[in-house]
Amino acid sequence: MKKRIFYVSFFFLIISIIFINEYLTVEYNINLYEFFRNSTRLTLEERIWLKEHGDIVYGADNNSPPLRYVDTGNEQYRGVVIDYLSALSIELGTDIKVKPMVWDEALKSLARGETDICDMYPSEERSKVYLFSDPIYYQRGVILVPKDYKAIKNYRDLRNKRVAAQKGDYVLEFLNSNVTDVDYTFTADYLEALSLLRAGEVDAVVGDEPVISYFIEALDIKEDFVILEDPLYEKESVLSVPKSEKILLNIINKGIYNLNKKNTMSKIQQKWFGISTPITKSNSNEKMSLIIAFFSMNIMIASYLFYTWNKELKREVDKRTEELYVSRNDLQTTFDGLTHLMIVLNKDCTISSVNQSFCEVMGIEKENVIGKNCFKYFRMLDNECLIRKTFVTKTQHQKEIEYQNKLYEVTSFPLEDKQGIVNRVLVMMKDVTQVRVSEQQILHSNKMAAVGQLAAGVAHEIRNPLGVIRNSSYLLKKNMNSNPEIANKSIEMIEKSVERASNIIDNLLNFSRLSSTNLSEVNMLQFIKGIVELNKKAMMKQSIVENVMCDPFLKCRVNVEALKHILINLISNAIDVMPNGGTLTIECSADDKNISISCTDTGYGIDEKNFDKIFNPFYTTKEPGKGTGLGLFIAYDEVQKMGGNIGVTSALGYGTTFTVNLPLKEDEKNDR
């Protein structure tokens with residue numbers, strides 16, 4: 001459709017250009033190119049030429065009334081063309097001087113460059129010598145014969161006849177190209193030619209109709225002589241300049257264009273001939289024909305476009321209807337095929353659509369639930385607030401609920417219309433029971449792996465208090481009665497060692513339990529030091545120095561189990577990358593909205609290209625058997641569950657920093 005419209009529009013543009021070109025040709029005798037060229041003002045080069053050249057000299061025949069002639073009464077050069085040149089002189093802003101002479105001599109003078117312009121008929125022969133301007137008037141060539149002379153009816157009958165013509169006139173060029181064996185008598189002007197005809201020395205006179213008509217009236221011989229009805233030609237007359245004067249030709253054409261716009265020649269002709277129009281071409285019929293043709297073409301193009309548009313529109317409507325039908329069926333099939341429970345609710349919370357999975361879980365038929373209020377099904381799921389919140393905020397919301405011994409992740413999506421108004425909400429319920437169980441199992445397995453790594457160090461830590469207990473028991477037995485002070489000291493050492501061993505065992509047991517979502521208020525400095533203490537043996541073995549930086553009075557309500565596991569994994573990774581010793585720095589700070597914990601080591605560092613991979617499950621850079629690839633994944637997952645984020649910065653050979661940011665809710669804040 002677009003291609004067709006482009007072609008039609010292009011065709012319309014071409015037609016419009018042709019119409020404008022033809023209209024300009026009819027109205028101003030110039031084409032579109034000449035219109036743009038001539039409608040501009042004189043260029044700097046043209047103004048300089050006029051200034052340097054001075055007056056323009058017009059040379060033409062001195063006895064061709066009413067076109068141009070010397071008035072015998074006042075010796076003034078007058079005529080239609082002379083008046084036109086006066087107007088042209090004013091238009092160009094320069095003087096045009098006239099130089100009357102015999103016609104043949106006028107042509108030669110122009111060719112020699114002694115004069116600048118002359119009006120004449122353009123022809124192929126003359127184009128070898130002159131340059132031609134745009135037309136300034138039209139006239140016809142005619143044949144004058146005695147009234148009772150029947151031997152000549154048209155120009156073909158001039159063969160072998162005696163014909164008088166002005167020397168150098170275009171009529172000679174015309175006749176020589178169309179008739180042979182004409183017996184010419186050349187005269188200096190038209191008056192001499194008519195004198196020969198009246199004397200019977202020639203059979204006919206040929207030349208310009210306005211001049212011959214003028215002399216017939218002036219000599220009062222219209223009763224004796226007649227102009228044949230068939231003209232020799234009808235041709236435009238132009239101003240000619242020497243072949244070398246192209247700049248002058250451009251200047252003349254611009255002046256002619258401006259005079260044509262003012263209809264100057266018609267006004268001059270009315271001055272000389274009244275309401276008759278002997279030397280201007282009537283173009284009303286041509287203009288009307290062009291306008292009618294143009295509008296007819298526009299109507300045809302518009303009709304074609306309208307027909308094509310309607311046809312294409314109908315086809316598009318049919319096509320879109322079919323696509324919508326197929327798309328709707330495909331969407332419904334996809335909607336019903338999803339394993340997630342899907343339900344679409346209107347603004348009044350009536351059910352607009354449900355998928356098959358929802359119906360199967362709820363034990364209902366789709367036909368029986370469409371149009372019903374959703375609270376019948378959703379009150380038991382406690383989702384009314386979620387739905388209303390989505391309509392109000394126009395944003396997606398999510399929560400987890402328990403229903404029929406299963407855990408569902410419920411997400412609500414706003415459905416907007418074209419105006420951005422939320423009229424419907426899509427609720428998706430995803431069974432995440434098995435996912436959560438698997439997550440807990442993975443988390444527990446990872447904890448057990450960490451416990452296994454800690455076992456050797458913890459066993460050593462337990463042996464130390466056991467050794468103290470054994471030695472203290474021995475001393476107690478030996479000195480129970482003899483030395484009460486040593487006995488009391490031994491009892492004190494036994495109690496402290498038992499308490500120390502008990503704390504170590506409690507840490508291991510706490511760490512091995514499954515994570516909960518309960519929040520507890522803890523002193524962050526003591527909490528972090530307790531985690532570090534679990535890894536003390538391994539750190540001492542590798543000469544790692546710990547540095548815990550935290551406000552001793554900082555207390556926060558946090559998910560202790562989750563945060564404990566996050567720190568254990570970060571510390572364990574830090575120890576692994578510092579086998580030859582280093583510094584482990586843990587820094588904790590908090591504000592009104594967030595708590596931030598950073599863990600920095602001075603180990604190998606991580607290549608920046610691996611930043612996107614380190615939190616993936618089972619991705620590890622450790623040797624086989626020394627890492628599961630789950631530590632950072634589980635840490636990342638725990639951070640995400642708490643609504644926080646974990647980031648990493650590292651430089652190869654200088655160390656790595658993991659930063660954990662966790663949000664604090666209103667009820668999780670404490671005076672700090």
Side-chain angles (χ1 to χ4, degrees), residues 443-473 492-513 515 522-550 560-588 597-604 620-632 634-635 655-658 660:
L443 181 61
H444 187 66
S445 297
N446 186 260
K447 284 185 176 182
M448 293 301 99
V451 169
Q453 294 175 1
L454 294 173
V458 171
H460 180 78
E461 290 296 320
I462 292 176
R463 285 194 185 99
N464 287 337
L466 288 177
V468 173
I469 292 171
R470 181 182 297 162
N471 293 334
S472 297
S473 297
E492 183 180 351
M493 292 298 296
I494 291 171
E495 290 176 345
K496 288 183 178 180
S497 297
V498 170
E499 183 179 357
R500 181 180 177 187
S502 178
N503 288 336
I504 293 171
I505 294 170
D506 286 342
N507 281 338
L508 285 174
L509 291 175
N510 289 336
F511 181 68
S512 64
R513 293 192 186 99
S515 296
V522 295
N523 181 293
M524 294 305 298
L525 178 61
Q526 295 177 4
F527 175 74
I528 294 171
K529 283 187 174 181
I531 301 299
V532 173
E533 190 67 24
L534 288 173
N535 295 273
K536 191 71 174 179
K537 183 64 178 180
M539 294 169 63
M540 292 176 61
K541 184 178 180 180
Q542 296 178 195
S543 301
I544 297 174
V545 178
E546 80 273 10
N547 182 19
V548 179
M549 303 170 64
C550 181
V560 175
E561 294 301 324
L563 188 56
K564 183 187 298 182
H565 193 65
I566 292 169
L567 290 176
I568 283 290
N569 278 286
L570 295 180
I571 293 171
S572 177
N573 282 346
I575 293 171
D576 289 342
V577 297
M578 295 186 290
N580 300 319
T583 301
L584 171 64
T585 302
I586 300 176
E587 185 174 355
C588 177
I597 302 174
S598 64
C599 181
T600 304
D601 64 64
T602 57
Y604 303 137
T620 180
T621 57
K622 300 175 183 177
E623 297 178 5
K626 292 188 177 182
T628 63
L630 291 173
L632 285 177
I634 294 176
T656 303
T657 297
F658 286 92
V660 176

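Computed over heavy atoms, backbone and side chain alike; hydrogens, waters and symmetry mates excluded.
- Considering only heavy atoms from C-beta on, Ile528 comes within 4.5 Å of Cys588 through its side chain.
- Between Cys599 and Leu584 the shortest side-chain heavy-atom distance falls below 4.5 Å.
- Considering only heavy atoms from C-beta on, Ile531 stays 4.5 Å or farther from His565 through its side chain.
- Between the side chain of Asn535 and the backbone N or O of Ala538, no donor-acceptor pair lies under 3.5 Å.
- In this structure, Leu570 and Ile586 have side chains that are not in contact, with every pair of non-hydrogen atoms separated by 4.5 Å or more.
- Every residue two or more places apart in sequence or in another chain that forms a side-chain contact (heavy atoms from CB on, under 4.5 Å) with Val577 is listed here: Asp601, Tyr604.
- Listed by chain and number, the residues in a side-chain contact (heavy atoms from CB on, under 4.5 Å) with Thr600 are Thr585, Thr657 (sequence neighbours excluded).
- The structure places CD of Glu533 at 13.0 Å from CD of Gln526, a figure rounded to the nearest 0.5 Å.
- A salt bridge links Glu546 to Lys536: one of the charged nitrogens lies within less than 4.0 Å of a carboxylate oxygen.
- Taken from OG in Ser598 to CD in Glu587, the straight-line distance is 4.5 Å, to the nearest 0.5 Å.
- The side-chain heavy atoms of Thr656 and Asn573, taken from C-beta on, include no pair separated by under 4.5 Å.
- Leu567 places a side-chain heavy atom less than 4.5 Å from the side chain of Phe527.
- By the side-chain contact (heavy atoms from CB on, under 4.5 Å) test, Gln542 pairs with Ile544, Ile575, sequence neighbours left out.
- Without hydrogens or angle criteria, Thr602 side chain to Thr583 main chain gives a donor-acceptor distance under 3.5 Å.
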